[in-house]
Amino acid sequence: MNTISILRQRFSHALAALLDEPADSAAVCELVDMVRRSQDAKFGDYQANCAMPLGKRLGRPPRDVATELVERLDIDDLCEPAEIAGPGFINLRLRDAALVDALAAAVVDERLGVAPAERPRTFVIDYSAPNVAKPMHVGHIRSTVIGDSLSRTLRFLGHRVVTDNHVGDWGTQFGMILFGYKNFRDESAYQASPVTELARLYRLVNQLVGYHAAVARLPEARAEAERLQASAAAAQHAPVSADKKEAKQQKKALQKLRSQADDQAKVVAALEATIAGVEGDPQLERLAAEYPDVGARALAETAKLHAGDAENLRLWHEFVPLCLEDIERIYRRLGVTFDETLGESFYHERLPGVVASLRERGLATDSDGAVCVFLDGFDTPMIVEKQDGAFLYATTDLATIAYRMERWSPDAILYVVDHRQSLHFEQLFATVRLWGFDGVELEHVGFGTVMDTSGKPYKTRSGDTVGLESLLDEAVQRALKIVSENDDAKPGGATLDAATRAQVAETVGIAALKYADLSQNRESDYVFSYDKMLAMNGNTATYMQYAYARVRSIFARGEVDVEALRASDAGVALAEPAERALALEILRFSEALDAVVADYRPNQLTAYLFDLAGRYSTFFEQCPVLKAPDAETRASRLLLCDLTARTIAQGLELLGIRVVEKM
RNA sequence: GCCCCGGUAGCUCAGUUGGAUAGAGCAAUUGACUUCUAAUCAAUAGGUCGCAAGUUCGAAUCUUGCCCGGGGUGCCA
């Protein structure tokens, strides 16, 4: 049961009668949406705020309207008599009997009373999408974890979901690997551990390419930096205008010049660092000198691959499965799966057709030797074919959408991708509309950057991106320490053997990493901190898992047969405020899931679970379960415990997080 | 220059799409462990929601202008 949707239904009837309009009219729907959860318990459990705008509209005092609305409302089976407060708020308090009935239904329901969507939709969800040429890094966590959670939640709600890992297996990076393999391979290292060697080769070639690019750019960058410095200096020494307004503008211009000069100085410093990184290493320096055209040659390898070169294709077929297997190992550890892994290469043959089709419809035109889609409202075109005839990710993305529409006819396609690509998606979606797909919801589910504690993008001390696997290892290692210390400190002595501790640490560590990410509003950048994610208090996975383990321990301690309890005719009685508050929260699960799906925000679910755990803790303090005063109360409280544990476990599962029975 | 996102407690962040007295966690102060797992709970303190106007019964939320930060901005993804 979803309380709020039932209440809204009842309100829509009353409002339709009052307004003399159909219950599904826009006016009624808008007012019905103003039925919501009260944010303060003293205003009841739910509240309807529609009397104020309605009063205005009808030219009547809102309180009168509220009174009339309440009279027309048929909610006596669910709610205590409605109260009208303040300017015209309608405050609703659910009858305990209604709560008790709903709880009884949830006890015997696999789905905890969450009804499947009335109108199931088909979703294609595009997430994770690592580049097979380089190891997964910190930036892939968010896409992977958020996408996985959204998939699980939508599925649970009864939607059809196709998850598709659009891996990068065909681009520039692959050319670097091919070039590296052909020129710099250490055969014995490759035999021993192919993926490690390929990763080394990628890094090496990337470094050499970066070096030559930096050397080429440096003089101009330096000149620009000097020019800006000089302008800033000149502006600083210029006489200050007597006119106040002009003086202010002068100051502003100076500030701007300074910040530009600073930015440019940083660009120069970055280039110098790139160069120093190579020149500081005799071996690298030698290679750099030996291969001055490494960038062009790597690109040529990519081009040859695309053109069907036999040798490059053979190597591609050799490398890709190895790389995918390596990535798969991390997915297994994360508990993430995909229905499809259709990488960029899958669409290769379709790309010329895409461009031809865009031309045919007059959407694409030639410009500066490239083929571009110019769109109203955008300063820059979307390029679908480069001067050299190569295709870009825009082209692949278009082909991918066409394919997905053809194969699954989805109602929605979600892209869980870094928000820095928002412009690309705006252009892509706009093009797709013009191209002829207009019935599908296209959504860029963007997310912010992972930062370190000083507010910069998360990197190692030497400036490299942090590998995802080392991140997992570190989290698990820290979790093991915490688990062990806690176990040692238990009043009755340690209860976990070494193997169990290691297992618990793996679950707890990975959960911490995922939850830290999911509990954040996805739009904002997020600060990565092991200490914070593994904290025992606050909105963390550790706290949630602990809450679960604590509930379960009651059943173990009391030797309660949960199945028998659920099957028995025992019911929940809500005598204590803490019991009622907990019950209400348990029954709100369905609303929380709706909130997740409405904006594709898993943090709505973590927030709910945290609230639930908080209510449970209060209940746990105030209401003895095993030592309850009588058998009925004991059974009632055990049922509340059971529902809490199941809701937490189910909620965490939808986040892709597992629970442990003991910790 | 233009476009997008953000600015909420000392710190890290929520804020149910315009509702009543803006909430958590950390840090600070106080109290509660021969326990149903204290990895906890209860309580206190902490705010001109960047600034200024506007819209209305009502604004952290919508509009406009400005300030500050981040990102993007024609051939990487």
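Keep in mind that what you see is a predicted model, and the values were worked out from it rather than measured. All values below were derived from every heavy atom in this structure, side-chain atoms included, with hydrogens, water molecules and symmetry-related copies excluded.
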Any donor-acceptor pair under 3.5 Å joining the side chain of A:Y546 to the base of B:rA39? no
A:R522 side chain to A:G446 main-chain N or O, any donor-acceptor pair under 3.5 Å? yes
Donor + acceptor pair across side chains of A:Y347, A:D397 (<3.5 Å): no
As an exercise, state the distance from CG of A:L178 to OG1 of A:T302, rounded to the nearest 0.5 Å. 7.0 Å
Spacing of the P atoms in B:rC62 and B:rA14 (rounded, Å): 16 Å
Show the distances under 3.5 angstrom between N or O atoms of the protein and N or O atoms of nucleotides 54-60 of chain B.
unit_1: B:rC57; atom_1: OP1; unit_2: A:K56; atom_2: NZ; d: 2.1
unit_1: B:rC57; atom_1: OP2; unit_2: A:K56; atom_2: NZ; d: 3.2

Would a distance-only check, ignoring hydrogens and angles, find a side-chain to backbone donor-acceptor pair under 3.5 Å from A:Q387 to A:D368? yes
Looking at A:F11, I'd like to know if the NZ or CZ of A:R8 sits under 6.0 Å from its six-membered ring centre while staying within 45 degrees of the ring's axis. no
Assign the ring pair A:H306 / A:W170 to parallel, tilted or perpendicular, where the plane angle (0 to 90°) is split at 30° and 60°. parallel
Would you classify A:T542 as touching base, sugar-phosphate or nothing, given that sugar-phosphate means primed atoms plus P, OP1 and OP2, and contacts are heavy atoms under 4.0 Å? base
In plain terms, say whether A:E301 and A:R297 are close enough for a salt bridge, that is, a side-chain N and a carboxylate O under 4.0 Å apart. no
Does a distance-only test, which skips hydrogens and angles, find a donor-acceptor pair under 3.5 Å between the side chain of A:T449 and the base of B:rG71? no
Could you give the distance separating B:rG23 and B:rC67 at their P atoms, to the nearest angstrom? 33 Å
Give me the distance, rounded to whole Å, that separates B:rG69 from B:rA32 when you measure between the C1' atoms they each carry. 44 Å
Kindly indicate whether the side chain of A:N486 and the base of B:rA39 share any N or O donor-acceptor pair separated by less than 3.5 Å? yes
Look at the side chain of A:D397 against the base of B:rA77 and say whether a donor-acceptor pair falls under 3.5 Å; ignore hydrogens and angles. no
Tell me whether the ring of A:F43 lies stacked over the B:rA20 base, given a 5.5 Å limit on centroids and a 30° limit on the plane angle. yes
Decide whether a cation-pi geometry holds between A:R142 and A:Y526; the criteria are a distance under 6.0 Å from NZ or CZ to the six-membered ring centre and an angle within 45° of the ring axis. no
Between the base of B:rA20 and the side chain of A:Q47, is one N or O donor paired with an acceptor at under 3.5 angstrom? yes
Identify the pairs formed between an N or O of the protein and an N or O of nucleotides 27-34 of chain B at a distance under 3.5 Å, and give each distance.
none

Whole-Å C1' distance, B:rG71 and B:rG10: 28 Å
